[in-house]
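For reference, the structure discussed in these notes is given below.
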Protein chains: 2
Amino acid sequence: MKENQQHHTILDLAAALKLSPATVSRALNNTSYVKKETKQRVMEMALKLGYRKNTMAAGLRNSKTNTIGLILPKISMFFHAEVVTVVQNLLHAQGYNLLIGQSNDDPAMEKELSETFFSSRVDAMIVSCTLQTIDFSHFDIFADHQVPILFYDRVPPGNYKARVIKGDDFQGGFIAGQHLAEAGCRNIGMINGPMTSNIYEARAAGFMGSLQYFNLPVRKTLFYHQELSTEQTIAALKKMFAAKNKPDGLFVTSDRNAVTVVQYAKENGIRIPEDLRIVGYSNDPVTAVISPSITTIDQFPSLFGSKLVETLLEMMDTIQTDEYIPAVVTPVKLVERESTSILKPIINPIKLK
Amino acid sequence: MKENQQHHTILDLAAALKLSPATVSRALNNTSYVKKETKQRVMEMALKLGYRKNTMAAGLRNSKTNTIGLILPKISMFFHAEVVTVVQNLLHAQGYNLLIGQSNDDPAMEKELSETFFSSRVDAMIVSCTLQTIDFSHFDIFADHQVPILFYDRVPPGNYKARVIKGDDFQGGFIAGQHLAEAGCRNIGMINGPMTSNIYEARAAGFMGSLQYFNLPVRKTLFYHQELSTEQTIAALKKMFAAKNKPDGLFVTSDRNAVTVVQYAKENGIRIPEDLRIVGYSNDPVTAVISPSITTIDQFPSLFGSKLVETLLEMMDTIQTDEYIPAVVTPVKLVERESTSILKPIINPIKLK
DNA sequence: TGGATTTATGAAAACGTTTTCATAAATTCG
DNA sequence: CGAATTTATGAAAACGTTTTCATAAATCCA
């Protein structure tokens with residue numbers, strides 16, 4: 001049974017069948033004319049010898065690798081893990097391999113991975129940027145060489161010409177604000193990621209817009225735009241709750257940190273939702289499980305994934321033009337849970353349209 | 001700035017510098033003798049023209065792709081996401097790319113991915129099997145062609161000759177049993193995955209061994225070995241709590257399902273830990289966050305990842321021999337949380353060694 | 001100084017596939 | 001029936017590297 005030898009090549013098949021390599025190749029790939037019987041013989045021999053196409057040789061000849069590169073900040077983040085899962089499954093169904101690289105939120109690493117993947121001659125790229133990426137020029141090589149590149153979630157700003165799929169972060173921010181407003185919060189704050197990233201910028205814009213729309217004040221002392229680490233989050237909470245104007249509603253733009261807020265509240269006798277209402281972002285399963293469970297914004301990661309693959313495949317069999325193609329925006333949805341449930345009567349109901 | 005053209009090749013460099021492609025290659029790769037000044041000129045021109053090595057051509061020539069294939073059941077599972085994160089980072093540091101495929105716990109898909117990765121001429125393979133894989137012959141191609149293959153976590157049985165890194169599942173099971181015993185449980189049960197997989201088989205063996213060691217009964221009606229879905233878990237719980245001999249301690253060999261148990265208990269007025277103590281498996285962050293938090297077995301996924309890479313690199317620069325190399329076993333550790341805290345006095349203390 | 005060694009470069013083959021260009025055989029059909 | 005078309009196959013080149021085999025120049029050292 002064991003072959004335990006070198007790899008068999010198309011020449012081995014050709015020799016064994018007294019055919020030319022050209023015919024064998026045609027039989028294997030169903031291209032051009034090959035006699036039915038010949039094809040049959042080739043297939044059988046291929047099976048018998050355990051022939052497997054050398055994709056490198058084929059790739060070199062065709063300048064096509066059937067490989068897609070994917071760069072993301074960290075694969076273990078819930079949202080990204082879900083997206084990758086779907087993307088990999090769909091691409092596999094189309095005969096593509098997926099090469100994955102993690103930037104660990106380090107722009108230098110991101111650049112390095114770009115170079116490597118370009119060298120590997122990936123057929124296309126999918127990228128979710130670092131939070132700190134402000135110079136996107138290391139992605140230029142791809143567009144310059146007609147390699148389709150598609151950004152998602154954390155994407156370059158509008159002045160960088162690129163195809164983009166992003167969540168409706170503005171809307172996500174807006175409905176978070178609306179929900180807190182409707183729940184009766186009046187001292188509303190925000191713990192947000194760094195404004196260098198489009199997602200946090202948009203969420204903040206939507207959120208503040210919402211507060212203004214509902215005639216609620218945007219108090220500077222309750223707004224933090226910073227690294228989303230546990231330490232920073234706790235530091236922000238300490239400051240907020242040390243001041244006299246304590247928040248009664250918080251929009252925390254990452255679920256992991258919303259969890260931190262819940263834990264901090266428990267430890268400090270702050271009741272949720274009575275004293276403090278919380279809205280997170282991403283619908284990480286942990287928000288459903290923690291007690292109290294956390295209201296959050298679902299980003300539909302698997303929809304994200306399927307849109308990505310759909311768009312990428314379309315890009316790959318279209319000639320890349322210079323024309324501007326607007327970003328695809330995927331929907332968001334508020335998932336209501338205990339952290340914002342309306343337990344107390346609203347004293348001062350807001351007029352909602 | 002924009003090149004916007006074809007890819008530059010080594011021949012372009014050679015022509016531009018009036019050198020032979022051979023010299024350019026040598027300069028680029030630091031192989032053999034090249035005048036210092038020449039190397040300098042090559043490097044500069046490479047930079048100027050934006051030359052990037054075509055790894056397919058190089059791979060074809062060297063039969064080395066610098067790519068490692070990784071097959072796992074599902075990337076979004078906590079343990080695997082952590083392992084992948086570490087593996088990808090370490091491999092990248094060594095100049096390797098990582099090709100990822102998800103079997104979705106489907107043996108047919110696993111087989112398909114094996115074929116694809118083999119065709120892609122990966123330099124080595126890392127695999128965590130499907131729970132249902134009983135025939136491992138689709139992995140034979142790799143060993144037969146001297147491609148190092150390393151299994152982890154869900155691995156083939158001992159009669160399949162392969163390098164293996166696995167967690168100490170027996171020990172994990174044992175300390176879970178010991179912990180429940182020491183906490184005073186007397187009616188101890190288990191919700192386990194299918195016994196087709198080595199990990200669940202070993203956890204069960206360790207667990208049952210532990211109960212016997214502590215002179216506790218192993219009641220068949222409290223042991224379930226089945227698919228680890230929410231539905232199945234709830235079904236098992238219903239049966240257990242409908243019977244007269246209700247469990248006061250449960251070892252649930254997956255954290256996700258331990259969470260299900262906690263939720264079921266809450267909904268059905270079963271107090272944790274007073275009425276029911278629970279030990280999970282994997283130290284998924286969710287176990288720390290849920291209330292009550294869940295005692296669980298940590299598998300040290302990042303240690304797993306680094307052992308994997310270390311072993312794989314060693315395998316890659318050693319000629320593969322037929323000699324048997326025993327499995328590397330990584331440690332486990334019990335993480336004690338609220339779901340097993342000792343609130344009630346132990347009536348009937350066990351004699352522990 | 002002159003033979004041996006080291007350093008530096010080039011020509012050409014090779015990796016395994018696909019495809020273009022030919023050409024021959026079989027089939028169509030006016 | 002014979003010309004046109006379709007079907008079937010092969011020879012050879014090409015994809016972009018790396019490496020072996022040469023050979024020439026520079027350096028060593030006795």
Side-chain angles (χ1 to χ4, degrees), chain A residues 5-43 45-46 49-67 95 116 118-123 145-146, chain B residues 5-43 45-46 49-67 95 116 118-123 145-146:
Chain A
Q5 288 313 329
Q6 303 308 331
H7 297 280
H8 287 288
T9 74
I10 249 181
L11 272 80
D12 297 332
L13 292 188
L17 293 163
K18 299 200 184 293
L19 283 171
S20 72
T23 304
V24 175
S25 170
R26 285 188 273 250
L28 255 22
N29 296 304
N30 268 319
T31 57
S32 169
Y33 300 115
V34 178
K35 210 201 285 181
K36 206 166 183 179
E37 183 213 320
T38 308
K39 184 182 294 185
Q40 175 81 7
R41 288 174 57 221
V42 170
M43 290 309 193
M45 185 58 78
L49 296 189
Y51 167 81
R52 301 273 172 2
K53 177 197 293 211
N54 183 326
T55 49
M56 270 186 304
L60 176 57
R61 173 61 223 232
N62 301 332
S63 39
K64 184 157 196 303
T65 53
N66 286 307
T67 300
T116 315
F118 181 79
S119 265
S120 296
R121 295 290 191 276
V122 293
D123 292 340
H145 292 263
Q146 287 76 249
Chain B
Q5 285 316 326
Q6 302 307 332
H7 297 281
H8 286 289
T9 75
I10 247 181
L11 272 81
D12 297 331
L13 293 187
L17 293 163
K18 296 197 185 295
L19 284 170
S20 74
T23 305
V24 175
S25 170
R26 285 189 273 250
L28 255 22
N29 296 305
N30 267 321
T31 57
S32 170
Y33 301 115
V34 178
K35 210 200 285 180
K36 206 167 183 179
E37 183 214 319
T38 308
K39 185 182 292 182
Q40 174 83 6
R41 287 173 57 222
V42 170
M43 289 311 192
M45 185 59 77
L49 296 189
Y51 167 82
R52 302 271 172 6
K53 177 197 295 212
N54 184 326
T55 49
M56 270 186 305
L60 176 59
R61 174 60 224 234
N62 301 332
S63 40
K64 185 158 196 303
T65 52
N66 285 308
T67 300
T116 315
F118 182 79
S119 265
S120 297
R121 295 291 191 275
V122 293
D123 291 341
H145 293 262
Q146 286 78 248

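Here the structure is a predicted model, which is why all the values come from computation and not from measurement. Note on naming: letters A, B, ... go to the chains in the order of the sequence lines (proteins, then strands), and numbering restarts at 1 for each one. Quick note: numbers below take in every heavy atom, side chains included, and nothing from hydrogens, waters or symmetry partners.
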* To do: Identify whether any heavy atom of A:T55 sits under 4.0 Å from a base atom; if not, whether one sits that close to sugar-phosphate; answer base, sugar-phosphate or nothing.
  => nothing

* If you look at every strand shown and take non-hydrogen atoms under 4.0 Å, does A:T9 touch a base, only sugar-phosphate, or nothing? -> sugar-phosphate

* **Presence of A:K64 side-chain N/O under 4.0 Å of D:dC15 phosphate oxygens OP1/OP2** => no

* To do: Record whether the side chain of B:R26 comes under 3.5 Å of the base of C:dG10 through a donor-acceptor pair of N or O atoms.
  => yes

* To do: Describe the nucleic acid contact of B:L19 in one word from base, sugar-phosphate, nothing, applying a heavy-atom distance below 4.0 Å.
  => sugar-phosphate

* Counting only distance, no hydrogens or angles, is the base of D:dT17 paired donor-acceptor with the side chain of B:R61 under 3.5 Å? -> no

* Classify the nucleic acid contact of A:S63 as base, sugar-phosphate or nothing, counting any heavy atom under 4.0 Å across all strands shown. => nothing

* A:T23 side-chain N/O to D:dT9 phosphate OP1/OP2 under 4.0 Å -> no

* Asked: Given C:dA11, C:dT17, C:dT9, which nucleotide is nearest the side-chain atoms of B:A22?
  -> C:dA11

* Asked: Toward the 5' end of DNA chain C, which comes first, A:T31 or B:A57, by nearest nucleotide?
  -> B:A57

* Atom CG of B:N54 and atom C1' of D:dG16: how far apart are they, to the nearest Å? -> 6 Å

* Using a cut-off of less than 4.0 Å, is there contact between a side-chain N or O of A:S25 and OP1 or OP2 of C:dT18? -> yes

* For the side chain of A:Y33, starting at C-beta, report the closest nucleotide among D:dT17, C:dT17, D:dT6. => D:dT6

* When we call it a touch if two heavy atoms are under 4.0 Å apart, what does B:K39 touch: a base, just sugar-phosphate, or nothing? -> nothing

* Just how far, in rounded Å, is C1' of C:dT18 from CE of A:M56? -> 16 Å

* **Presence of B:S32 side-chain N/O under 4.0 Å of C:dA8 phosphate oxygens OP1/OP2** => no

